[in-house]
Amino acid sequence: MPKTQSITDISDGCEVDSLFLLESIDIRKKKQDGKYLFATLADRTGRISCKIWGLQAQSADEIEALGKILQPGEVYHIRGFAKIFNGECEININDGIANLTAPVAIQASEKGEFVYSPVDIKETAIGIQNLAGTIRNGQLKRVVSLALMDAGGFYEKPAAKKRHHNYRGGLAEHTLETATIAVAMAEAQKSYGIDRDILIAGALLHDIGKALCFEEKGIGYIALPEYDLIGHIPLGITFLTRFKDYLDDATYLHLLHIIQSHHGEYGDVMPRTSEAWAVHLADLSSATLREVADDIAPLGPGEGKWKGEKSGKAVYRI
């Protein structure tokens, strides 16, 4: 079956009958008795939510059983209808559930049609490497270079399951944004006396643990149990212990402090140095602006929400 519709073609009331990538699937309870499946679908043009209700005669156990066999990272034949719910267009599937018993095989040359990524991964990698190259401390520069190489798939992996930069290449994009914002802070006021080398190193490695939280599955990425059970900060700290002997004790401690404290008041350790504060604020800026932009994207001029799905903040499109 050829792909005949893109996500950008889908609007309120239209019929949907085409191929899409299944990015995620959750089993949820209905307000009354029963269960339904909540999925995120994607192609190269974007993402859309999908609710799989099934047939009226199907039991909650049957719906749950389907949810357990659906495979994120695979392409499926999606047949249903689109409607607006809470201001956003979504797909609803009833009898189209019969098409979900198995994924659809596609050619390797077709994979690009199903991968959503609004970032140029090669350009992002070049930007990160160029910024790392400005670190004057040779040992610190070496640690950054080795760490990014050893964290497999760093430039391709997402930064999150559901929130900011949650797409292929998102981790590297967020990392470059954070480092660029942090450097801009340091350059805006020279009297702060910020150590540019440790600032850049900390910014480029602050989310290195996220590269250990995802693995490629099919033509997508899924989060490993470590994502929720351990968290990316402890994973990043542990990962960097292999480079301890490359740095003097003070520099190594400062680098770990920046990584450990970059969540600020939401983390276990608050920033205590100017560099750690700069990375925390830069990280927060990058994450918040991405979430707000994503929440605004589906809105029309003059439309707003009191609480965006990703940012949790009031948003409005002028």
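Sequence positions, counted from 1, serve as the residue numbers for this chain.
- Between the side chains of T134 and R196, at least one donor-acceptor pair of N or O atoms lies under 3.5 Å.
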- After noting the C-alpha distance and the side-chain angles of S286 and H164, does the key distance pass the side chain to side chain donor-acceptor pair (under 3.5 Å) rule? CA-CA 9 Å; S286 169; H164 71 89; 5.5 Å; no
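- In this structure, a donor-acceptor pair under 3.5 Å is present between the side chains of D43 and T45.
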- Task: Please test Q139 against F243 for side chain to side chain contact (heavy atoms under 4.5 Å, CB included), starting from the C-alpha separation and ending with a verdict.
- Result: CA-CA 10 Å; Q139 290 300 94; F243 305 109; over 6 Å; no
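- In this structure, the side chain of S18 engages the main chain of Q5 through a donor-acceptor pair within 3.5 Å.
- Nearest heavy-atom pair across R79 and N99 is NE-OD1, 2.9 Å.
- A 6.0 Å sphere centred on CD of Q189 holds more than 12 heavy atoms belonging to other residues, nucleotides or ligands.
- When the shell of 6.0 Å around CZ of R242 is examined, it contains more than 12 heavy atoms from other residues, nucleotides or ligands.
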For residues 100-111, which side-chain donor-acceptor pairs fall under 3.5 Å, sequence neighbours excluded?
residue : atom : partner : partner atom : Å
E110    : OE1  : Q107    : N            : 2.7

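- Listed here is the closest heavy atom pair of I25 and A39: CD1-CB, 3.7 Å.
- Put simply, the side chain of L140 does not reach to within 4.5 Å of the side chain of Y246, judged on heavy atoms.
- Hydrophobic clustering (side-chain heavy atoms under 4.5 Å, transitive across Ile, Leu, Val, Met, Phe, Trp, Tyr) groups L146 together with L240.
- Side chains of H280 and H263 form no contact here, defined as non-hydrogen atoms less than 4.5 Å apart.
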Could you go through Y155 and V119, starting from their C-alpha distance and side-chain angles, then the distance that decides it, and tell me whether this counts as side chain to side chain contact (heavy atoms under 4.5 Å, CB included)? CA-CA 11 Å; Y155 294 105; V119 57; over 6 Å; no
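- Exactly one residue among D228, N166, T40 makes a side chain to side chain donor-acceptor pair (under 3.5 Å) with K161. That residue is D228.
- Applying the side-chain contact (heavy atoms from CB on, under 4.5 Å) rule to P118 yields the partners Y116, Y167; only residues at least two apart in sequence or on another chain are considered.
- Under a 4.0 Å N-O distance rule, the pair K310/D294 qualifies as a salt bridge.
- The environment of K30 atom NZ is dense: over 12 non-hydrogen atoms of other residues, nucleotides or ligands sit within 6.0 angstrom.
- Within a 6.0 Å sphere centred on CZ of R47, heavy atoms belonging to other residues, nucleotides or ligands number more than 12.
- A salt bridge does not link R168 to E156: none of the charged nitrogens lies less than 4.0 Å from a carboxylate oxygen.
- Counting heavy-atom neighbours within 6.0 Å of K141 NZ, excluding the residue itself, gives a total above 12.
- Counting heavy atoms from C-beta outward, L19 and I78 have side chains that stay 4.5 Å or more apart.
- I259 and M270 fall into different hydrophobic clusters, where Ile, Leu, Val, Met, Phe, Trp and Tyr are joined by side-chain heavy atoms under 4.5 Å apart, directly or via other members.
- Inspection of the E177 and H165 side chains reveals an N or O donor paired with an N or O acceptor under 3.5 Å.
- Between the side chain of D9 and the main chain of S6, a donor-acceptor pair closer than 3.5 Å is present.
- Taking the side chain as every heavy atom from C-beta outward, F38 and I27 never approach each other to under 4.5 Å.
- Between E303 and R317 there is no salt bridge, since no side-chain N of the basic residue sits under 4.0 Å from a carboxylate O of the acidic one.
- A 6.0 Å sphere centred on CD of E309 holds no more than 12 heavy atoms belonging to other residues, nucleotides or ligands.
- Within 6.0 Å of the CG atom in D33, the count of heavy atoms belonging to other residues, nucleotides or ligands does not exceed 12.
- Between K51 and E90 there is a salt bridge, since a side-chain N of the basic residue sits under 4.0 Å from a carboxylate O of the acidic one.
- With a 4.5 Å cut-off on side-chain heavy atoms, F81 and N94 count as touching.
- Between the side chain of W277 and the backbone N or O of P271 there is at least one donor-acceptor pair closer than 3.5 Å.
- Between D17 and H77, the side chains place a donor N or O and an acceptor N or O closer than 3.5 Å (distance only, hydrogens not considered).
- With T273 contributing its side chain and A276 its backbone, the two residues share a donor-acceptor pair below 3.5 Å.
- Side-chain N or O atoms of S285 include one that pairs as donor or acceptor with a backbone N or O of L281 at under 3.5 Å.
- Atom CG of L21 and atom CZ of F114 lie 8.0 Å apart (nearest 0.5 Å).
- Nearest approach of A179 to L131, heavy atoms of both residues: CB-CD2, 3.4 Å.
- Scanning both residues, A82 and C89, for their nearest heavy atoms gives CB-SG, 3.8 Å.
- Atoms CG and CD1, from L176 and I128 in turn, are 5.5 Å apart once rounded to the nearest 0.5 Å.
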Tell me, with the steps shown, if I222 and K217 meet side chain to side chain contact (heavy atoms under 4.5 Å, CB included).
CA-CA 6 Å; I222 61 167; K217 185 174 183 181; 3.6 Å; yes
The test is side chain to side chain contact (heavy atoms under 4.5 Å, CB included); show your working for L37 and I97 and say whether it passes. CA-CA 11 Å; L37 305 177; I97 195 170; 5.8 Å; no
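- Between atom NZ of residue K29 and atom CD1 of residue I63 there is a gap of 15.5 Å, rounded to the nearest 0.5 Å.
- F20 carries K3 over the face of its six-membered ring, with the cationic atom under 6.0 Å from the centre and within 45° of the normal.
- V279 and F239 fall within the same hydrophobic cluster, where Ile, Leu, Val, Met, Phe, Trp and Tyr residues are linked whenever their side-chain heavy atoms come under 4.5 Å apart, directly or through other members.
- Between Y221 and P158 there is a side-chain heavy-atom pair separated by less than 4.5 Å.
- Counting heavy atoms from C-beta on, the side chains of L22 and Q71 never come closer than 4.5 Å.
- Side-chain atoms of E187 never come within 3.5 Å of backbone atoms of A184 as a donor-acceptor pair (strictly under, hydrogens ignored).
- Rounding to the nearest 0.5 Å gives a distance of 7.5 Å between CG of D268 and CD1 of I233.
- Cluster annotation: I237 is not connected to Y266 through the hydrophobic network of ILVMFWY side chains, with a link wherever side-chain heavy atoms come within less than 4.5 Å.
- Using a cutoff of 4.0 Å between basic side-chain nitrogens and carboxylate oxygens, K35 and D61 are not scored as salt-bridged.
- Using modelled atom types, one side-chain atom of D12 and one backbone atom of I84 make a donor-acceptor pair closer than 3.5 Å.
- Put simply, the side chain of I318 reaches to within 4.5 Å of the side chain of Y316, judged on heavy atoms.
- Following chains of ILVMFWY side-chain contacts shorter than 4.5 Å, one cannot reach I69 starting from V75, and the two form parts of different hydrophobic clusters.
- Here C50 contributes atom SG and L41 contributes atom CG; the two are 4.5 Å apart, rounded to the nearest 0.5 Å.
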Between side-chain atoms of residues 197-215 and protein atoms elsewhere (two or more places apart, or another chain), which donor-acceptor pairs fall under 3.5 Å?
residue : atom : partner : partner atom : Å
D197    : OD1  : R136    : N            : 3.0
D197    : OD2  : R136    : N            : 3.3
D197    : OD2  : N137    : N            : 2.9
H206    : ND1  : A203    : O            : 2.7
H206    : NE2  : H174    : NE2          : 3.2
H206    : NE2  : D283    : OD1          : 3.2
D207    : OD1  : H232    : NE2          : 3.0
D207    : OD1  : H262    : NE2          : 3.2
D207    : OD2  : H174    : NE2          : 3.3
D207    : OD2  : K210    : NZ           : 3.4
K210    : NZ   : A159    : O            : 2.9

